[in-house]
There are 2 protein chains.
Amino acid sequence: MTVKRNTWQREAVRDALDSNEGFVSAQGLHSSLRSAGSPIGLATVYRALADLAVEGEADSLQSPEGENLYRACTPGQHHHHLICRNCGLTVEIEADAVERWAQATASEHGFTQANHVVDVFGLCAACTLLAGD
Amino acid sequence: MTVKRNTWQREAVRDALDSNEGFVSAQGLHSSLRSAGSPIGLATVYRALADLAVEGEADSLQSPEGENLYRACTPGQHHHHLICRNCGLTVEIEADAVERWAQATASEHGFTQANHVVDVFGLCAACTLLAGD
DNA sequence: TATGCTGTTGATAACGAATCTCATTACAGC
DNA sequence: GCTGTAATGAGATTCGTTATCAACAGCATA
C-alpha cells in the first residue's frame, strides 16, 4: 500500500492553481512558479497537476491547440465550463440534463463506460461589448 | 489566385476516409495507405486531411489523448458523435436538446457567439464484450 | 534524535504528433 | 510537348508530455 506524502511542491502547485482565475497550462504554471522564485521542476508540475485532476481537485480540458489546461475546482463535483475564447473567463456550469442525456444516448447505442466532453466557448459580456464597437 | 490541383494522393486520402466507419488519425490513415501499397507521404496526408476539414468534407475532433481524428461527413450538417475509444466506431447523434441547452446557458451568463464541443466517448457493445473479463 | 524504508523529485533523454523545409515531381493550361 | 507553379515527400524541427534513474526527503519507528 502506497502512502502519499505531502511535499511543498504539491502545495505550491495547488496554491498556484487556486490563485488563478482561469485555465492554465502545465508549462505556464511551471514558468509562473519559476519566475516567482520556486526551483520546482517541470516534471513535478505535470505530475502534481495530473494527480490533482485525478483526485478531483482540478478540472482539466484540452485547448483547441491540443494543450492540457488545468483549473482549481471544488472537489467532488462534476461540471462543465463556459469559457470566453477571448479573455479566458470561465464559468462553471452544472448540467444534470446533459449528464443524463449523455448517459442515455450512450447506453441507447450499446455503449458503456461513457464519459463526455462538453464545453461551451463564446464571448463573455465584456468581450462582446469590446468586440462590438 | 491559386488553382487547386487534383492529385491521386488527395483522392487516396478522400477514399480512405470514405471507406472508414469511424474516426481515424492522420498517422493511422497514413499507415493504412502505406500497408495497402501506396507510397503516399505522411505530410501529404496531414495536408489533405486539413484541407478536407476546411472544405467541410470531413469532421475533425480531438481524441482524449490529444490526437486529431478525422472522419468523412455529409457537408453542412451540425451533429455530434458517440465514439468507441477502443475501435473508433462512430455513431452520429442528433442533439437538439443539447443544442438548445448550450445556447440557453451561454446567453444566461451573458455570453454570445457560443459554439460548443459535445462528444461522448465510450466502449461500443462489441468492445465491451471483448474487454469484459 | 537517529535510522531506514520508500515515495518523490528533477535534469535530461525519449517520445509522439504535427509542422516546416526545400529540392523534386507532376498537374493544368497553353 | 512545354512551361509555370502547386503539390509532394523525406527528413529535420518544434512542442507538449512522459519515462528514466540517481539523489533526495517525508514519515514511521527505535
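Residue numbers start from 1 in every chain, and the chains themselves are labelled A, B, ... in the order their sequence lines are given, proteins ahead of strands.
- Per the geometry, CD belonging to B/Gln62 stands 14 Å off P belonging to D/dG16, to the nearest Å.
- Listed pair B/Asn68 / C/dA18 meets the phosphate criterion, a side-chain N or O lying under 4.0 Å from OP1 or OP2.
- Near-neighbour residues of DNA chain C inside residues 35-48 of chain A, defined by a heavy atom below 4.0 Å, number-ordered: A/Pro39, A/Ile40, A/Gly41, A/Ala43, A/Thr44, A/Arg47.
- A/Phe121 and B/Phe111 end up in different hydrophobic clusters when Ile, Leu, Val, Met, Phe, Trp and Tyr side chains are linked at under 4.5 Å.
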Could you walk me through whether A/Arg71 and A/Glu92 pass salt bridge (charged side-chain N to carboxylate O under 4.0 Å, His left out), step by step?
CA-CA 11 Å; A/Arg71 179 170 186 272; A/Glu92 292 194 354; 3.2 Å; yes
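- Separating the CG atom of A/Leu69 from the C1' atom of D/dT17 is a distance of 14 Å, rounded to the nearest angstrom.
- Here the P atom of nucleotide D/dG4 and the NZ atom of B/Lys4 are 24 Å apart, to the nearest Å.
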Would B/Phe23 and B/His81 count as a ring pair (Phe, Tyr, Trp, His ring centres under 6.0 Å) here? Give the steps.
CA-CA 10 Å; B/Phe23 279 87; B/His81 298 100; 4.9 Å; yes
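- Listed in residue order, the members of residues 10-30 of chain B having a heavy atom less than 4.0 Å from DNA chain C are B/Gln27.
- Salt bridge absent: A/Arg10 and A/Glu57 never bring a charged side-chain N and a carboxylate O closer than 4.0 Å.
- The distance from atom CG of A/Asp51 to atom P of C/dG7 is 14 Å, rounded to the nearest whole Å.
- Where A/Arg5 and A/Gln9 meet DNA chain C, the nucleotide closest to each residue was compared, and A/Arg5 sits on the side nearer the 5' end.
- C/dA17 atom P lies 16 Å from atom CG of B/Leu61, rounded to whole Å.
- D/dG9 atom P lies 11 Å from atom CG of B/Leu33, rounded to whole Å.
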If you apply the rule salt bridge (charged side-chain N to carboxylate O under 4.0 Å, His left out), what do you find for B/Lys4 with B/Glu55, and how did you get there?
CA-CA 12 Å; B/Lys4 176 161 289 184; B/Glu55 294 159 15; 2.6 Å; yes
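- Both B/Trp101 and B/Val120 belong to a common hydrophobic cluster when Ile, Leu, Val, Met, Phe, Trp and Tyr are linked at side-chain heavy-atom distances under 4.5 angstrom.
- Paired with A/Val13 under the rule side-chain contact (heavy atoms from CB on, under 4.5 Å), one option of A/Thr44, A/Asp51, A/Leu33 passes, and it is A/Leu33.
- Distances shorter than 4.0 Å separate none of the side-chain N or O atoms of B/Thr7 from OP1 or OP2 on C/dA26.
- In this structure, B/His116 and B/His80 have tilted ring planes: the angle between them lies in the 30° to 60° band.
- In this structure, B/Leu49 places its CG atom 10 Å from P of C/dA18, rounding to the nearest Å.
- Cluster annotation: B/Tyr46 and B/Tyr70 are assigned to distinct hydrophobic clusters (Ile/Leu/Val/Met/Phe/Trp/Tyr, side-chain heavy-atom contacts under 4.5 Å, transitive).
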